[in-house]
Number of protein chains: 2
Amino acid sequence: MEAVTNPRRERVDAARNRAKILAAAAEIVSVHGVEGLAMAEVAAAAGVGVGTLYRRFGDRSGLAYALIDEREREFQSAFIQGPPPLGPGADPASRIRAFLHALTDRTVEQLDLLLMAETASPFARFGGAYDGYHAHLSMLIGQADPTADAYVLADQLLAPLAASLLAHRLRTCGVTVDRVKSALDQLLPLR
Amino acid sequence: MEAVTNPRRERVDAARNRAKILAAAAEIVSVHGVEGLAMAEVAAAAGVGVGTLYRRFGDRSGLAYALIDEREREFQSAFIQGPPPLGPGADPASRIRAFLHALTDRTVEQLDLLLMAETASPFARFGGAYDGYHAHLSMLIGQADPTADAYVLADQLLAPLAASLLAHRLRTCGVTVDRVKSALDQLLPLR
DNA sequence: CGATAAACCGGAACGTGTTCCGCTTGCAAG
DNA sequence: CTTGCAAGCGGAACACGTTCCGGTTTATCG
């Protein structure tokens, strides 16, 4: 029998380059911050051409998302299959609250990268992690209140957690994370 | 007596150029859409150098805001001093609802320009029109419910009306404006 | 009216994200 | 091992926003 691995696997040189690029990008971010993350710089540091970056990651925000991805997976599995109140087991209202609080923390944690990714292409987040958040939250809303328009309501609860808004309030207006969270609670009449 | 006009008036050539630039920009947008609004194009069409655009409008998003500005003034005066329920006279809860609905319409109306301005510099809206919206809304919230954290709550009610989110839902997901508005109402337990 | 300073002007130059294309390499089939 | 070719590669070329600066125009004051 023929050894059927995945139909189309990434070539080994391609995989090696992806790793080199991600390592170089992470290094640059940790030293020079997100502003220092220029495509030509990353390419040079990784020892590849810029074309290679674009084939692998699409564009600048794609590279940022790849950098974010690892922690993203952890977060997703926490609210899908982790322990309550974030994961299954608690009542819907508690899970909604726990989810929004956790997402706030998670966004603040990688604020700079998210901000850059969001700015570079405002729709990138939709279709990426955003859709997962949205699906999860609208499911919970539907459980908590079957009469609500869960689909749009989920959008509107997620919107205040956009990186650009959080960055502005936290950094320019001196609002604390706890205050953001408790205001979020006031927005939640769902029971 | 000396004719004291404003201490520092715009020079006549500068005013003429501003008008030419705005006319050219409006023309370009109406023909080629917002994507066609390139700084060099506008400069050429207006018969000025690019440097002149930057002195007048700061950057690309500044030009977009100037294009938006006229309608913006109308809207601001409508909710500050116009007839109720948008203007003064109605109860706070009604004014909040009317304001959010009107802002939705107003955003949808110039969605492309707002989207561009927002994308070019995510903080531009803060400090521009956004602060006016925020001040107005947090005042109304304070009247409706003195125990609420009006400041942050106002942010969170404004966030779902970001141009990027509206554009995504309206254009990619087939959600209607009316549905957005009625979901907004579900978010308003304030009375 | 003439002089002076501040404001303004144009467009070349620059930085950075993105695309393009001819060459090379890994991989599998014969 | 040879061969065919899809996938990958590098970096020059390109697009476009932004900055810079030497020359010009406008407004004001004597």
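We name chains A, B, ... by the order of the sequence lines, and we start the count at 1 in each one.
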Find the distance [X]:[atom1] to [N]:[atom2] and express it as a whole number of Å.
X	N	atom1	atom2	answer
A:L37	C:dT16	CG	P	12 Å
A:N17	D:dG10	CG	C1'	11 Å
B:F57	C:dC9	CZ	P	11 Å
A:Y54	D:dA7	OH	P	23 Å
A:R60	C:dT16	CZ	C1'	9 Å
B:D59	D:dC16	CG	P	17 Å
B:R56	C:dG10	CZ	P	10 Å
B:L63	D:dC16	CG	P	16 Å

According to the salt bridge (charged side-chain N to carboxylate O under 4.0 Å, His left out) rule, which pairs have a member within [range], sequence neighbours left out?
range	answer
residues 89-102 of chain B	B:R97-B:D185
residues 23-45 of chain B	none
residues 47-56 of chain A	A:E10-A:R56

Closest nucleotide among C:dG17, C:dC8, D:dG8 to the A:M39 side chain: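 The answer is C:dG17.
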According to side-chain hydrogen bond (donor to acceptor under 3.5 Å, both in side chains), who are the partners of [X], at least two apart in sequence or on a separate chain?
X	answer
A:R73	A:D69
A:Q110	A:R106
B:H136	none
A:R16	none

Base, sugar-phosphate, or nothing for B:R18, non-hydrogen atoms under 4.0 angstrom? nothing
For A:G47, answer base if it contacts any base atom (sugar-phosphate contacts may also be present), sugar-phosphate if it contacts only those atoms, and nothing otherwise; contact means non-hydrogen atoms under 4.0 Å.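 Since only primed, P, OP1 and OP2 atoms lie under 4.0 Å of A:G47, the category is sugar-phosphate.
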Going by number, which of residues 21-30 of chain B have a non-hydrogen atom under 4.0 Å from DNA chain C?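 Within this stretch, nothing sits under 4.0 Å of the strand.
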For nucleotides 23-25 of chain D, which of its nitrogen or oxygen atoms have a protein nitrogen or oxygen under 3.5 Å away, and what is each distance?
from, atom 1, to, atom 2, distance (Å)
D:dT25, O2, B:R11, NH1, 3.1
D:dT25, O2, B:R11, NH2, 3.0

For B:A64, give me all partners under side chain to side chain contact (heavy atoms under 4.5 Å, CB included), at least two apart in sequence or on another chain.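 Partners of B:A64 under the side chain to side chain contact (heavy atoms under 4.5 Å, CB included) test: B:L113, B:M116, B:A117.
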Which protein N or O atoms sit under 3.5 Å from an N or O of nucleotides 11-13 of chain D?
from, atom 1, to, atom 2, distance (Å)
D:dG11, O6, A:G51, N, 3.2

Got B:S164 and B:L115 here, is their nearest side-chain heavy-atom distance under 4.5 Å? yes
Selection residues 14-62 of chain A - residue pairs positive for ring pair (Phe, Tyr, Trp, His ring centres under 6.0 Å), sequence neighbours left out: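 Residue pairs with at least one partner in residues 14-62 of chain A: there are none.
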Nearest non-hydrogen partners of A:T107 and A:L161, listed with the distance: CG2-O, 3.8 Å
